[in-house]
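Fair warning: this is a prediction, and the values are worked out from it, not measured in the lab. Proteins get letters first, then strands, A, B, ... in listed order; numbering begins at 1 in each.
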2 protein chains.
Amino acid sequence: MSDSDKSVVSRLRKLIGEGFYQPGERIGEVAVAEQLGVSRTPVRLAFRTLEQEGLLQRAGKRGFMVREFTEADVLCAVEVRGVLEGLAARRLAEQGLSPALAEELTVWIQKGRELLAKGYLEERDVDVWSELNRRFHETIVGSAGSPVIGDAIARNNHLPFAAADSIVIDSEALDREYRKLQLAQTQHELVFQALRHGEGARAEMLMREHAFIGLRYGELLGLGPGLGQPRADD
Amino acid sequence: MSDSDKSVVSRLRKLIGEGFYQPGERIGEVAVAEQLGVSRTPVRLAFRTLEQEGLLQRAGKRGFMVREFTEADVLCAVEVRGVLEGLAARRLAEQGLSPALAEELTVWIQKGRELLAKGYLEERDVDVWSELNRRFHETIVGSAGSPVIGDAIARNNHLPFAAADSIVIDSEALDREYRKLQLAQTQHELVFQALRHGEGARAEMLMREHAFIGLRYGELLGLGPGLGQPRADD
DNA sequence: AATGTTATGTTTGGATCCAAAGTAGAGCTT
DNA sequence: AAGCTCTACTTTGGATCCAAACATAACATT
């Protein structure tokens, strides 16, 4: 995929994620091509990619439409990531952590501890957490013995609300986010503990539960049973 | 996707699955276009689709190559299907089976019983089982409350060895296949039982284990610890 | 007036053309 | 002789052109 081709896909992904195109709306090749200032060819290629990613779906015989996602879909996508990351964690626990891998995971655990040690959260901490969180998850999934699991997770993460780094959202309420990240950090440490001790089932269930943190921790803070907020970063 | 476009994708999928192109081999647009008797455009579109499906991967800066799959990948893909179908089953058990759904599942259970009642397997029974097995799985996954899980499974099933209907293989050894299908039928009935009683965890674990049937039952028959055989149907 | 048929317009899919990027090979220089 | 550079060829990506399919609207017929 060339740079500009990739750019068409990601620009389109961004536009869809931002709700520029209404869910259910028919989306034409020419319109998008003009909008993005390219010819129809890269748009046609991008449509196929986005169809596979699940952001677009066929609109009858002709053309595509923006896929509509319900709250149930969001919940399901998070659960899917949970079971897949859980599978990765269990496999990793069963095959045993190599010293190098334990070292690697310790790094991200430690960075998390340092980030939260000062007892509050700053604006710029958000990116740091996002990065270390991503690396922690990537390391586990990438060490599960086959890229197949990671691929499945990556495909699921194309749904903009399902990705693991869609946790941190509200830069305005940093104290609430701090408590959320504290819980996330604890969960990371528990997963690591289970992995080190070869406790496959425990690692799996912890990882599954961890997936819900972006979704359900709001209830603990009295925000109601909603779905949390849309993600901030991309 | 037009008919011929779809045909290019599926014809390519078939060729790759049959090992016509060697894993790791660079695959060029012009070569494939000539081979299939179409222009480069539909081939380019198909390559994007197959890349998303995981059958092709980028070969450096230029072009694609056929993805290579190890035994570990095959095992992982089956496990991925297991946890996803397990998730669907658990959700279904937790939300409760509607009478209509129980009725629907009973049909496929019953058809399975009838198929196996005569005590042996005939050549033409293979297709019948393949169909009812597919419908049983589809019904469960399709009723899990969101298409997201089904999509994830569908994407995983693009790996030719991961699909649920890749169970039945060896039309030469029908007595061995009969015993395999007997076990599969029992597992279907146990899953159904768990679903009816709202036993989410049990339904999940049964469904997970059921995923392995195409892979591991060979060991029970003294065929060695291999991966079973490649699938027969498409 | 209502329905069916035809014609026109819109949109997608396939083919071809052109440009850009990359790779390999040959020749030159040190 | 070895390494570097320049050139030519291969291959991919983007744009445009043409054909086919589908939808819509208008007109005619019952």
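- Heavy atoms only, all atoms of each residue included: B:Leu101 and B:Leu97 are closest at CD2-CD2, 3.8 Å.
- At a cut-off of 3.5 Å, with distance as the only test, no side-chain donor of B:Ser130 or B:Asn133 sits close to an acceptor on the other residue.
- Taking atom CZ on B:Phe47 and atom C1' on D:dT12, their separation rounds to 11 Å, with Å as the unit.
- Distance from the side chain of B:Leu45 is smallest to C:dG14 among D:dA15, C:dA15, C:dG14.
- Ion pair B:Glu114/B:Lys111 not flagged as a salt bridge, since none of the NZ, NE, NH1 or NH2 atoms sits closer than 4.0 Å to an Asp/Glu carboxylate oxygen.
- Without hydrogens or angle criteria, B:Glu29 side chain to B:Val43 main chain gives no donor-acceptor distance under 3.5 Å.
- In this structure, CD of B:Glu29 is placed 14 Å from C1' of C:dT16, rounded to the nearest angstrom.
- Distance alone, capped at 3.5 Å, places no donor-acceptor pair between the B:Asn157 side chain and the B:Ala154 backbone.
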**OP:** Check the pair B:Val128 / B:Arg124 against side chain to side chain contact (heavy atoms under 4.5 Å, CB included), numbers first and verdict last.
**Re:** CA-CA 7 Å; B:Val128 179; B:Arg124 60 190 168 79; 5.9 Å; no
Please write out the pairs of protein N or O atoms and N or O atoms of nucleotides 21-24 of chain C separated by less than 3.5 Å, giving the distance to one decimal.
{"unit_1": "C:dT23", "atom_1": "O4'", "unit_2": "B:Arg62", "atom_2": "NH2", "d": "3.2"}

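- End-to-end axis angle of the helix from C:dA1-D:dT30 to C:dT30-D:dA1, from C1' rotation axes over five pairs per end: 0° (rounded to 10 degrees).
- In this model, the phosphate group of C:dA15 is approached by a side-chain N or O of B:Ser39 to a distance below 4.0 Å at OP1 or OP2.
- Proximity of B:Phe161 to B:Val78: side-chain heavy atoms (C-beta onward) are nowhere separated by under 4.5 Å.
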For nucleotides 17-20 of chain D, which of its nitrogen or oxygen atoms have a protein nitrogen or oxygen under 3.5 Å away, and what is each distance?
none

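- In this structure, the side chain of A:Asn156 does not engage the main chain of B:Ala152 through any donor-acceptor pair within 3.5 Å.
- Although no hydrogens or angles enter the test, the distance criterion places a donor-acceptor pair under 3.5 Å between the side chain of A:Arg91 and the main chain of A:Ala144.
- Without hydrogens or angle criteria, B:Arg48 side chain to B:Arg44 main chain gives a donor-acceptor distance under 3.5 Å.
- In this entry the distance linking CZ of A:Arg48 with P of C:dG14 reads 8 Å, nearest Å.
- Atom CD in A:Glu34 sits roughly 15 Å away from atom C1' in C:dT12 (whole-Å rounding).
- Just one residue in the list A:Glu204, A:Glu85, A:Gln95 forms a side chain to side chain contact (heavy atoms under 4.5 Å, CB included) with A:Arg90, and that residue is A:Glu204.
- Comparing B:Thr41 and B:Gly63 against DNA chain D, the residue whose closest nucleotide sits nearer the 5' end is B:Gly63.
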